[in-house]
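Chain letters run A, B, ... following the sequence lines, proteins first and then strands; every chain starts at 1.
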Amino acid sequence: MAENKEDLYELIYQIVRKIPKGRVTSYGAIAAAIGAKSGARVVGYAMFSAGSAKPKVPAHRVVNRIGLLTGKHHFNPPSKMQELLEKEGVTVKDDKVADFKTRFWDPAVELSM
DNA sequence: AACATGACGTCGC
DNA sequence: AGCGACGCCATGT
């Protein structure tokens, strides 16, 4: 776990890119996976910067802890996020992920952390 | 160089 | 049980 401040965002991007198709995760889970205990926020901030990240990060698979598509408005177009999720097999209802708890992908577990 | 902004989550009252 | 405030990092102007 040798992370420099600059690598912090990079770590987040890598984890997000590892999210399997048809699965979703939460900001808090990623924050915990990288050790950012104080900052689910930091993950959100990183996601904003993800727009400049290369390669592009599948941020549409990242939602808040309740499965709400908080960042959908940041997509292009915003509805693209829900379409992508539904296209991958994730049912989105009212900007929320159906069976979010069931489709939840825990990086701390899947990445054997 | 400093200020402002931006995709959350947890604790306390 | 509902609402408010606090904590954190990076980037752009």
Side-chain angles (χ1 to χ4, degrees):
Chain A
M1 299 290 267
E3 336 78 18
N4 294 327
K5 317 170 201 176
E6 311 172 356
D7 289 338
L8 180 56
Y9 276 32
E10 204 172 300
L11 283 167
I12 300 173
Y13 301 150
Q14 296 208 18
I15 293 175
V16 175
R17 277 191 287 128
K18 286 171 187 168
I19 301 176
K21 187 177 73 171
R23 289 279 194 277
V24 286
T25 191
S26 64
Y27 299 94
I30 298 173
I34 65 176
K37 50 187 182 287
S38 47
R41 242 185 173 178
V42 180
V43 179
Y45 295 158
M47 291 288 96
F48 182 79
S49 279
S52 285
K54 284 157 297 212
K56 298 251 166 105
V57 186
H60 60 276
R61 296 180 186 147
V62 185
V63 295
N64 65 354
R65 82 169 190 87
I66 57 177
L68 183 68
L69 309 186
T70 50
K72 71 160 191 178
H73 205 272
H74 288 255
F75 271 77
N76 106 110
S79 19
K80 185 73 174 290
M81 185 176 187
Q82 181 172 331
E83 289 213 11
L84 285 169
L85 288 171
E86 290 184 326
K87 204 168 297 187
E88 293 188 350
V90 179
T91 305
V92 180
K93 192 157 193 103
D94 193 30
D95 291 343
K96 286 173 302 211
V97 177
D99 296 317
F100 171 67
K101 188 178 173 186
T102 305
R103 295 187 174 280
F104 182 71
W105 179 81
D106 190 345
V109 174
E110 302 301 320
L111 299 179
S112 303
M113 283 174 114

Is Asp99(A) reaching over with its side chain to a backbone N or O of Arg103(A), donor-acceptor style, under 3.5 angstrom? no
Begin with the C-alpha distance, continue with both residues' side-chain angles, and end with the deciding distance and a verdict on side-chain hydrogen bond (donor to acceptor under 3.5 Å, both in side chains) for Arg41(A) and Tyr45(A). CA-CA 6 Å; Arg41(A) 242 185 173 178; Tyr45(A) 295 158; 3.1 Å; yes
Atom-pair distance (OH on Tyr27(A); P on dC8(C)), nearest Å: 20 Å
What's the gap between dC8(C) and dG12(B) when it is taken at their P atoms, as a whole Å value? 16 Å
Whether Tyr45(A) stacks on the six-membered ring of dG6(B) base, 5.5 Å and 30° limits: yes
Classify the nucleic acid contact of Ala59(A) as base, sugar-phosphate or nothing, counting any heavy atom under 4.0 Å across all strands shown. base
Numerically ordered, the residues 65-81 of chain A set in heavy-atom contact under 4.0 Å with DNA chain B is Arg65(A), Gly71(A), His74(A), Phe75(A)
Nearest to the side chain of Phe48(A), which nucleotide is it out of dG9(B), dG6(B), dC8(C)? dG6(B)
Spell out, as yes or no, whether a donor-acceptor pair under 3.5 Å connects the side chain of Tyr13(A) to the backbone of Lys54(A). no
Nearest-angstrom distance from the residue atom NZ of Lys54(A) to P of dT11(C): 11 Å
Find out whether Glu88(A) and His60(A) are in side-chain contact, i.e. whether some heavy atom of one side chain is under 4.5 Å from a heavy atom of the other. yes
Taken to the nearest whole Å, OH/Tyr9(A) to C1'/dC8(B) is 12 Å
Under 3.5 Å, side chain of Arg65(A) to main-chain N/O of Ser26(A), donor-acceptor pair present? no
Which residues pass the side chain to side chain contact (heavy atoms under 4.5 Å, CB included) test with Thr25(A), sequence neighbours left out? Ile19(A), Ala29(A), Ile30(A), Val62(A), Phe104(A), Trp105(A), Pro107(A)
Nearest to the side chain of Arg41(A), which nucleotide is it out of dG9(B), dC8(C), dC9(C)? dC8(C)
Find the distance Asn64(A):CG to dG6(B):C1' and express it as a whole number of Å. 15 Å
